[in-house]
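Written below as structure tokens is the structure these notes are about.
All figures in this text were calculated on a predicted structure; none of them were measured in a lab.
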Amino acid sequence: MHPRIEDYALIGDEQTAALIGMDGSVDWLCLPRFDSTACFARLLGDEENGHWRIAPTGADRCARRAYRPDTLVLDTEWETDEGAVRVTDLMPQRDRAPDIVRIVEGLRGEVTVRSMLRLRFDYGSITPWVRRSDGHRVAVAGPDSVWLRSEPDVRTWGEDECTYSEFTVAEGESVAFVLTWHPSHEPRPPLVDPYEALNASVSDWQAWAARCRYDGPQRDAVVRSLITLKALTYSPTGGIVAAPTTSLPEELGGVRNWDYRYCWLRDSTLTLGALLSAGYQEEAEAWRNWLLRAVAGDPADLQIMYGLAGERRLPETELPWLPGFAATGPVRIGNDAVKQLQLDVYGEVMDSLSLARSSGLPSEPHMWALQVALMDFLCTAWRQPDEGLWEVRGGRRQFVHSKVMVWVAADRAVRAVERNPDLEGDVDAWRAMREEVHQEVCERGYDPERNTFTQYYGSRELDASLLLIPRVGFLPPEDPRVTGTVDAVRDELGHGGFLRRYSAEKTVVDGLPGGEGTFLVCSFWLADALHMTGRTKEARELFERLVGLCNDVGLLSEEYEPVAGHQLGNFPQAFSHIGLVNTALALFGADEAG
């Protein structure tokens, strides 16, 4: 039986990340970066596509697992008739090369444990050549080289293109494995002491988590979400990936399988707000600086997403040898949505830079000039139809959310000049655009018969992004059109107590067959909107239900299927965890949030 998405836990070193199942198997790992090729791809195929399992012989699933408090260090415990063992998994903060450390510790009795390492480079398609060297097993194929060692040395052998180790551990004994990747043309990097790495990782993560200012209800879930966002940060640049995975399906048997190992501009304002409000100014500044570098250049060439270092070319292709998670293909790498026009990103960039400035982040000398250039372009381009924030593949439309975010861009530009008259720019044109956009959205994007804004001009369809209208200041929360929209979105897009992003089964807007699960960040937006419109009790009840969807180690994917009761989409999803943090901060106030 294929594992469920929620069966996985995350470890990482802020440059890449691995997913480990309840069976003790590392089923997904891309080296050396989030967007590199995978050497373990069982997640999207089977054992032949690469994995690394450590577990007692004959055992199926672990008895229990948990992160060490306020860390990304995972403890998995196993119970057998002979005794009990703990496997501790982590990826130490990187010096030169990425390492996975797996420490097996005897807790009770004497247990026989087996390690099965099946390396398959290039997303499970290439079997490396494995040899012995200086007490290591060394696997090499093309540009990739992986070294495996154990402390103490245990019986290890090769069989059926797989590396096995088997040993016994008694109470108080331990065996540590270290797997290290490096470019095959370079010498082996320095050895990592697994126990020193464990102690340092626990200390570093707990010190980082202690900086969190939030002290309200569900604090553990908030801290876990912040740790997850930190783990999804590519530390050399400050970019934050949407998820560490590709092609986990939004519907089992469907085709909505996308590569999320990139950085989206649409996440920028909400991410920045979460980091700043929770007390992580250094990370917020790094994300802001990544944003400035990524969007530099001709404003007409602004993309909706970029690579970890701001790369612009992310060509989409399919991997036919991988059947997909639970046989749900296709498996895609790269993302053709990078070519889309999404006008809302101009508003999100302007809003992010406005938030950064008002929050006291150190200003960059070229920041305002970049904003002026973005506004000059937007003044001539805002009337165009676009693909919208959901990256639909069914053709461009006049999406209401996109126009609202155009209004946000103009509004933030005007406010910046009003606060600081020394800033130069065509503020009269921006004011005129702000007023024109507002009037047009209220006339063409609003359905007076149903008292709700709609997904796009002339449509009867709704969209969860409309819930952001009061949040961005387009209309006040008490406006009847806002409360009407909140009610209509909840009624028409609600499913099992949560919220779809739009009616995928009823519309051709996204150009794809089939449906999808409820969208978790949209459900957090609903909680925010209920709170803003005076229904805080309902908002808090929804928030508690959403936190209850976290898996046993506190992680959320992109979507949730309420009928079958399982998570869907790429995992863990930054947007979902950003939603959790921001909703907690909104619901439980400045006094409790710090």
*Taking all non-hydrogen atoms of both residues, which atom of S576 and which atom of L556 are closest, and how far apart?*
CB-CB, 4.0 Å

*Nearest 0.5 Å please: distance from the CG atom of L520 over to the CH2 atom of W525.*
11.5 Å

*asked:* For H401 and S465, which I'm curious about, is there any donor-acceptor pair between the side chains at under 3.5 Å?
replied: no

*With a 3.5 Å cut-off and no angle check, do the side chains of D463 and Q455 form a donor-acceptor pair?*
yes

*Applying salt bridge (charged side-chain N to carboxylate O under 4.0 Å, His left out), run through K403 and D386 and close with a yes or a no.*
CA-CA 10 Å; K403 302 306 184 193; D386 71 345; over 6 Å; no

*Where the side chain of S225 meets the backbone of L580, is there a donor-acceptor pair that is under 3.5 Å apart?*
no

*For H531 and T536, test the side chains for any donor-to-acceptor distance below 3.5 angstrom and give the result as yes or no.*
yes

*Please tell me if the side chains of D75 and R68 come closer than 4.5 Å, counting only heavy atoms from C-beta onward.*
yes

*Salt-bridge contact R61-D7 (side-chain N to carboxylate O under 4.0 Å)*: yes

*Starting from the C-alpha separation in whole Å, work towards a yes-or-no answer on side chain to side chain contact (heavy atoms under 4.5 Å, CB included) for L179 and D99.*
CA-CA 6 Å; L179 183 145; D99 302 281; over 6 Å; no

*Going by heavy atoms in the side chains, are Y262 and Y306 under 4.5 Å from each other?*
no

_Salt-bridge present (E14, R94; N to O < 4.0 Å)_ = no

*Does W390 have its ring centroid less than 6.0 Å away from the ring centroid of F399?*
no

_Please tell me whether E391 and W264 have a donor and an acceptor in their side chains that are separated by less than 3.5 angstrom._
yes

_Approximate separation, where rounding is to 0.5 Å, of L585 CG and R213 CZ_ = 9.0 Å

*Carefully, step by step, assess W208 and Y280 under the rule ring pair (Phe, Tyr, Trp, His ring centres under 6.0 Å).*
CA-CA 9 Å; W208 187 86; Y280 292 97; 4.1 Å; yes

_Check: T16 and L31 side chains under 4.5 Å, non-hydrogen atoms_ = yes

*Looking only at heavy atoms, which two atoms of V486 and L526 are closest? And how far apart?*
CG1-CD1, 4.1 Å

_Counting C-beta onward and ignoring hydrogens, is there a side-chain heavy-atom pair between L322 and N49 closer than 4.5 Å?_
yes

*Quick one: salt bridge (Lys or Arg N to Asp or Glu O under 4.0 Å) pairs with a partner in residues 518-532, sequence neighbours left out?*
R471-D528

*Is there side-chain contact between I240 and D267, with at least one heavy-atom pair below 4.5 Å?*
no

_With a 3.5 Å distance limit and no angle check, can you tell me whether D259 reaches the backbone of N335 through a side-chain donor-acceptor pair?_
no

*Does S247 use its side chain to pair, donor to acceptor, with the backbone of R332 at less than 3.5 Å?*
yes

*What pair of heavy atoms forms the shortest contact from R120 to G50, and how long is it?*
CG-N, 3.7 Å

*Flag for R118-H51: side-chain donor and acceptor within less than 3.5 Å*: yes

_Distance in Å, Y260 OH paired with L248 CG, rounded so as to fall on 0.5 Å steps_ = 10.5 Å

*After noting the C-alpha distance and the side-chain angles of R266 and E348, does the key distance pass the salt bridge (charged side-chain N to carboxylate O under 4.0 Å, His left out) rule?*
CA-CA 6 Å; R266 73 177 183 213; E348 281 136 10; over 6 Å; no

_Under a 3.5 Å distance rule, please check whether Q15 uses its side chain to pair with a backbone N or O of T233 as donor and acceptor._
no

*Are any non-hydrogen side-chain atoms of Q340 and R393 less than 4.5 angstrom apart?*
yes

_Would you say that F588 contacts Q218 through its side chain, given a criterion of any heavy-atom pair below 4.5 Å between the two side chains?_
no

*Output, in order, the C-alpha distance, side-chain angles, deciding distance and verdict of side chain to side chain contact (heavy atoms under 4.5 Å, CB included) for N570 and S557.*
CA-CA 6 Å; N570 285 301; S557 65; over 6 Å; no

*Keeping the roles fixed (side chain from T533, backbone from L530), state whether a donor-acceptor pair exists under 3.5 Å.*
yes

*asked:* Under 3.5 Å, is there a donor on one side chain and an acceptor on the other for S459 and T454?
replied: no

*asked:* So does G21 get a backbone contact from the side chain of S25, meaning a donor-acceptor N/O pair under 3.5 Å?
replied: no

*Of V26, D27, L43, which meets side-chain contact (heavy atoms from CB on, under 4.5 Å) against L19?*
L43

*Rounded distance (nearest 0.5 Å) linking atom CG of D89 with atom CD1 of I100*: 8.0 Å

*Where G497 and L542 come nearest, the two heavy atoms and their spacing*: O-CD1, 3.7 Å

_T246 OG1 to I333 CD1 distance, which is reported to the nearest 0.5 Å_ = 8.0 Å

*Write out all pairs satisfying salt bridge (Lys or Arg N to Asp or Glu O under 4.0 Å) with one or both partners inside residues 548-567, taking only residues at least two apart or from two chains.*
R65-D552

*When you check the gap from the basic side-chain N to the acidic O, do R211 and D70 get nearer than 4.0 Å?*
no

_Test: R64 and E79 ion pair at under 4.0 Å_ = yes

*Any donor-acceptor pair under 3.5 Å linking the side chain of E6 with the backbone of C550?*
no

*Charged N to carboxylate O below 4.0 Å: is that the case for K537 and E541?*
yes

*Please check if the side chain of R481 supplies one atom and the backbone of T452 the other of a donor-acceptor pair under 3.5 Å.*
no

*Are E461 and R500 ion-paired here, with the side-chain N under 4.0 Å from a carboxylate O?*
no

*Find out whether T483 and D479 are in side-chain contact, i.e. whether some heavy atom of one side chain is under 4.5 Å from a heavy atom of the other.*
no

*Would E283 and K230 pass as an ion pair if we require N to O under 4.0 Å?*
yes

*With V338, which residues qualify under side-chain contact (heavy atoms from CB on, under 4.5 Å), at least two apart?*
Q303, M305, L314

*About how many Å separate CG of L499 and CG of L467, when rounded to the nearest 0.5 Å?*
6.0 Å

*Shortest non-hydrogen contact from W78 to R53?*
CH2-NH2, 4.0 Å

*Compare every heavy atom of A356 with every heavy atom of R288, then report the nearest pair and how far apart it is.*
CG-CB, 3.8 Å

*Kindly say whether A63 contributes a backbone atom to a donor-acceptor pair with the side chain of E77 at under 3.5 angstrom?*
no

_Determine whether E48 and R42 satisfy the following criterion, salt bridge (charged side-chain N to carboxylate O under 4.0 Å, His left out), listing intermediate values before the conclusion._
CA-CA 7 Å; E48 291 303 316; R42 182 190 180 203; over 6 Å; no

